[in-house]
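Notes follow once the structure below has been shown.
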Amino acid sequence: MHYWLMKSEPDAFSIDDLARAKTEPWTGVRNYQARNFMRDGMHVGDGVLFYHSSCPEPGVVGIAEVASDAYPDPTQFDRKSDYYDEKSTPENPRWMLVDVAFKRKLGRTIGLDELKQQARLEGFALLQRGNRLSVLPVTKAQWSHILALE
DNA sequence: GCCAACGTTGGC
DNA sequence: GCCAACGTTGGC
């Protein structure tokens with residue numbers, strides 16, 4: 001069992017959207033490190049902190065769960081998609097994704113500013129300088145500490 | 001809208 | 001293989 005944080009812009013796909021969808025393929029990740037976490041690190045049942053980014057109140061807003069093993073992101077083959085990648089082929093797909101299932105919405109947003117104030121979250125990948133990864137690992141200790149703030 | 005950070009691209 | 005240019009992310 002491992003833990004992760006996945007970012008989404010709420011204008012594009014929010015925790016409420018996930019609550020309605022119940023399960024969603026996490027399309028559009030086009031960063032190799034993030035892809036590798038999904039492809040090599042994630043397993044069904046892993047915990048996911050759902051994070052809202054690029055919005056008035058960035059922070060952790062809910063809990064989700066990895067719901068599939070990694071498989072090729074279909075949008076990379078779709079010429080009409082913003083995520084189309086002409087260099088990727090079905091025989092040798094470049095981009096992978098997992099399905100993410102809704103677990104619950106937090107009672108409140110645990111804001112980025114609040115996370116930054118937590119001495120025990122020193123070293124947390126989300127808080128590292130210049131970090132832009134949209135999928136990143138969370139330790140069990142970090143997971144417990146963050147959720148205890150709720 | 002600004003800008004720092006940083007990944008990717010492409011010329012050489 | 002270097003590195004400048006460029007594009008994107010994401011907080012503010």
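Residue numbers begin at 1 in each chain, while the letters A, B, ... track the order of the sequences. Given the structure is predicted, the values throughout are model-derived calculations rather than measurements.
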- Whole-Å distance separating the NZ atom of Lys7(A) from the C1' atom of dT8(C): 12 Å
- Task: Compute the centroid of each ring, for Trp95(A) and then for Tyr32(A), and state whether the two points are separated by less than 6.0 Å.
- Result: yes
- Item | His145(A) side chain to Gln118(A) side chain, donor-acceptor N/O pair below 3.5 angstrom | yes
- Quick one: bend of the helix from dG1(B)-dC12(C) to dC12(B)-dG1(C) from 5 pairs per end, to 10°? 10°
- Distance-only polar pair, side chains of Asp99(A) and Trp26(A), donor-acceptor under 3.5 Å: no
- Message: Rounded to whole Å, how long is the line connecting atom CZ of Arg30(A) with atom P of dT9(B)?
- Response: 13 Å
- Query: Are any of Tyr32(A)'s side-chain N or O atoms less than 4.0 Å away from OP1 or OP2 of dC6(B)?
  - Reply: no
- Message: Measure CE/Met6(A) against C1'/dT9(C) and give the value in whole Å, please.
- Response: 17 Å
- Please give, in whole Å, the distance from dT8(B) C1' to Lys87(A) NZ? 9 Å
- Residue Lys116(A), side-chain atoms from C-beta onward, closest of dT8(C), dT9(B), dG11(C): dG11(C)
- Task: Pick base, sugar-phosphate or nothing for Ser53(A), based on heavy-atom distances below 4.0 Å to the nucleic acid.
- Result: sugar-phosphate
- Note on the structure: The nucleotide from dG10(C), dA5(B), dG11(C) with an atom nearest the side chain of Arg132(A) is dA5(B)
- Do the charged groups of Glu150(A) and Arg104(A) touch, with an N to O distance under 4.0 Å? yes
- Rounded to the Å, how far apart are Asp85(A) CG and dG7(B) P? 18 Å
- Message: Among dC6(B), dT8(B), dG11(C), which nucleotide has an atom closest to any side-chain atom of Leu112(A)?
- Response: dG11(C)
- Message: Check Arg20(A) with Asp17(A), please: is the shortest side-chain N to carboxylate O separation under 4.0 Å?
- Response: yes
- Side chains of Ser53(A) and Glu9(A): donor-acceptor distance under 3.5 Å anywhere? no
- Task: Please report, rounded to the nearest Å, how far the C1' atom of dG10(C) is from the OH atom of Tyr51(A).
- Result: 8 Å
- Rounded to whole Å, the CG-C1' distance (Leu136(A) to dC6(B)) equals 15 Å
- Note on the structure: When rounded to whole Å, the CG to P distance for the pair Asn31(A) and dA5(B) reads 18 Å
- Taking atom types as modelled, find out whether Arg30(A) and Thr75(A) have a side-chain donor-acceptor pair closer than 3.5 angstrom. yes
